[in-house]
Amino acid sequence: MKKMMDKKWLEPALRWIVGICFVYASFHKIGDPAGFAKIIYGYGLFPHETINILAIVVPFLELVAGLALLSGIHARGAAALIGGMLFLFSCAILINIIRGHEFDCGCFTFAEKKSILHSAESLLVRDMLMLVMCVYLVKAGKGQRAPEQVSG
């Protein structure tokens with residue numbers, strides 16, 4: 001019982017942390033899809049034909065999934081979607097680290113200043129930490145079942 005009480009706050013806290021990050025990250029991308037398309041192009045990973053559609057769709061996925069986490073409506077599905085995006089973002093970052101390719105993340109602003117907080121390695125660590133949070137949220141949601149009926 002005590003263990004349950006200690007972790008009661010964890011799921012909502014993780015939903016808020018990840019949800020706020022994704023809602024916040026979506027705003028500048030939605031407001032400037034052309035700028036975000038340039039960021040996607042800078043990764044050097046996507047066919048040119050897909051860049052514009054990605055620049056439009058991805059920010060709205062981030063916004064809707066982030067809002068779902070914040071509201072708690074379909075939070076497990078939202079955590080799974082965000083987890084999938086984080087996995088793909090991490091792969092893109094890792095590929096560019098391995099290639100030695102300089103790129104602008106475009107996560108929260110365009111043309112982020114180069115510092116230890118915005119290094120490719122720190123971006124990878126940040127995304128992996130949020131991915132772990134999403135995995136926890138997906139698994140935490142599995143344990144929620146309706147009480148079984150007792151028949152007499």
Side-chain angles (χ1 to χ4, degrees), residues 3 6-144:
K3 187 177 181 181
D6 290 343
K7 291 188 179 181
K8 194 175 190 177
W9 59 270
L10 186 58
E11 186 178 348
L14 295 179
R15 284 192 302 106
W16 276 81
I17 290 167
V18 176
I20 288 170
C21 284
F22 270 73
V23 168
Y24 179 72
S26 71
F27 287 146
H28 76 282
K29 297 171 195 168
I30 290 171
D32 186 6
F36 186 48
K38 289 177 187 173
I39 297 295
I40 295 171
Y41 178 80
Y43 275 86
L45 296 173
F46 303 97
H48 298 316
E49 300 81 24
T50 64
I51 290 174
N52 287 336
I53 193 73
L54 286 170
I56 293 168
V57 172
V58 169
F60 283 100
L61 285 176
E62 291 177 338
L63 177 64
V64 170
L67 289 173
L69 279 181
L70 291 173
S71 70
I73 299 171
H74 299 292
R76 189 169 157 223
L81 176 61
I82 289 175
M85 286 190 287
L86 285 165
F87 176 77
L88 294 174
F89 298 160
S90 296
C91 289
I93 292 167
L94 185 59
I95 289 168
N96 279 293
I97 289 171
I98 291 168
R99 294 191 311 191
H101 181 75
E102 292 276 332
F103 61 96
D104 179 3
C105 166
C107 301
F108 297 106
T109 63
F110 300 142
E112 292 176 354
K113 295 177 182 173
K114 297 293 178 193
S115 71
I116 190 68
L117 295 175
H118 294 106
S119 71
E121 293 80 8
S122 68
L123 296 172
L124 186 60
V125 169
R126 180 197 65 204
D127 284 358
M128 295 307 291
L129 287 172
M130 281 200 294
L131 177 57
V132 168
M133 291 180 206
C134 288
V135 169
Y136 178 86
L137 290 170
V138 170
K139 288 189 176 256
K142 284 186 179 181
Q144 299 172 355

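Only this structure's heavy atoms are used, side chains among them; waters, hydrogens and symmetry mates stay out.
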| request: Using the side-chain contact (heavy atoms from CB on, under 4.5 Å) rule, take Arg126 and Cys21 through it: C-alpha gap first, then chi angles, then the decisive distance, then the call. | output: CA-CA 11 Å; Arg126 180 197 65 204; Cys21 284; over 6 Å; no
Sequence neighbours excluded and cut-off under 3.5 Å, please list the side-chain donor-acceptor pairs for residues 53-68, or say none.
residue: Glu62; atom: OE1; partner: Lys29; partner atom: NZ; Å: 3.0
residue: Glu62; atom: OE2; partner: Lys29; partner atom: NZ; Å: 3.0

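- The shortest non-hydrogen separation linking Ile51 to Ala37 is CG2-O, 3.4 Å.
- Taken from CD1 in Ile39 to CG in Asp104, the straight-line distance is 3.5 Å, to the nearest 0.5 Å.
- If you take CZ on Phe22 and CE on Met130, they are separated by 5.0 Å, rounding to the nearest 0.5 Å.
- Residue pairs satisfying the side-chain hydrogen bond (donor to acceptor under 3.5 Å, both in side chains) criterion with at least one member in residues 77-98, sequence neighbours excluded, are listed as follows: Asn96-Arg99.
- Expressed to the nearest 0.5 Å, how far SG of Cys91 lies from CG of Leu86 amounts to 11.0 Å.
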Identify all side-chain donor-acceptor contacts of residues 12-19 below 3.5 Å with residues at least two apart in sequence or on another chain.
residue: Arg15; atom: NH1; partner: Leu69; partner atom: O; Å: 2.5

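- Counting heavy atoms from C-beta on, the side chains of Ile95 and Phe103 never come closer than 4.5 Å.
- Residues satisfying the ring-ring contact (aromatic ring centres under 6.0 Å, His included) criterion with Phe46, sequence neighbours excluded, are absent altogether.
- Note that the CZ atom of Phe87 and the CE atom of Met128 stand 8.0 Å from one another [nearest 0.5 Å].
- Within the structure, the side-chain hydrogen bond (donor to acceptor under 3.5 Å, both in side chains) test picks out no pair touching residues 37-58 (sequence neighbours left out).
- Nearest heavy atom pair, residue Gly83 against residue Leu131, reads O-CD1, 3.3 Å.
- In this structure, His101 contributes its side chain and Gly42 its backbone to a donor-acceptor pair below 3.5 Å.
- For the ring-ring contact (aromatic ring centres under 6.0 Å, His included) test, no residue two or more places apart in sequence or in another chain qualifies with Phe89.
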